[in-house]
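Notes to accompany the following structure.
Remember, it's 1-based here, ligands and their atoms both numbered in the order they're listed.
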Amino acid sequence: VRLTVIGCGTAAPAADRVGSACLVEHGRARALLDCGPGALHRMAALGVDWAGITHLLLTHFHNDHTGDVAALFFAWKHGLRPARTQPLDVIGPPGTGALLERLAAAMGDHVTDPGFAVRVVELPVGGDIDLAAGAHLSVGPVVHSPEARAYRIEAAGAVLGHTGDTGPCDALAGFLAGCDLLVAECALPDEEAWEQHLTPASVARLAQRARPRRLLLTHVYPQLDRAGLAALIRGHGWPGETLVAHDGLVLDVGWPARQGVG
Ligand SMILES: [Zn+2]
Ligand SMILES: [Zn+2]
């Protein structure tokens, strides 16, 4: 299982970090997890095969996670020669199909009629689905917007967890227990803590309970110093390996671990 961070940014625009998006690859599955503003062009800049994405996974509907969804469909419909024929699965919370229809009403029918088959799968918390042979996705609870959720992907003995956006959530640590790689949002400094986002202290508490082999922090707002973040997490009581995401970071999930370039 390979993770490529496409965008590790937030609602606040940043020169070096576009909106939330990452690519999860295993076998023939190439799943884009969220598609925030800037993600489409960042994929091109990173040499990511955006044309070959097999699944679009949405953690929730906030604009910083969905802003390039319509643009990605437009690129699939009008930016490829020969045209794409490969079907696509869109997996997200209940309301995902309605979101695509609203995007189509606003932006054009490329979203709902891109020229290839689109299957929308709306999963409740507790739901699960096979992404490809041997790659299984399950859906966990978070505290954020009403539809928001976390994902856990297990493939070939490797476990990748992603919090999406969340505040402190008792049920989340159990859902994400024992990940080889836990991608966790760490949005705000503890001085600005609020119930819908994590902070260094609450991420450290999550890690203490979920005990990931590696922790990758993303979705960090500008007021939180990324250079000192790993040390801050250690100071809050999580001694495990902690990385801070940057756009283009590639990580292989599972053993042996290998950190890529970018
Ligand atoms: Zn959000
Ligand atoms: Zn967000």
So T59 and D165, do their side chains get closer than 4.5 Å, heavy atoms only? no
Of all N, O or S atoms in D165, identify the one at the shortest distance from the Zn ion (ligand 2). OD2
Straight-line distance of L103 CG to T112 OG1, nearest 0.5 Å: 9.5 Å
Specify which N/O/S atom of H65 comes nearest to the Zn ion (ligand 2), by atom name. NE2
Distance (rounded to the nearest 0.5 Å) between E25 CD and I153 CD1: 11.5 Å
Could you tell me whether the Zn ion (ligand 1) has an N, O or S atom of H60 under 2.8 Å away? yes
Could you label the plane-to-plane angle of the H197 and Y221 rings as parallel, tilted or perpendicular, counting under 30° as parallel and over 60° as perpendicular? perpendicular
For the residue pair S202 / T199, report whether a side-chain donor-acceptor contact shorter than 3.5 Å exists. yes
Which atom name would you report as the N, O or S atom of H62 nearest the Zn ion (ligand 1)? ND1
Taking the Zn ion (ligand 2) as the reference point, name the nearest N/O/S atom of D64. OD2
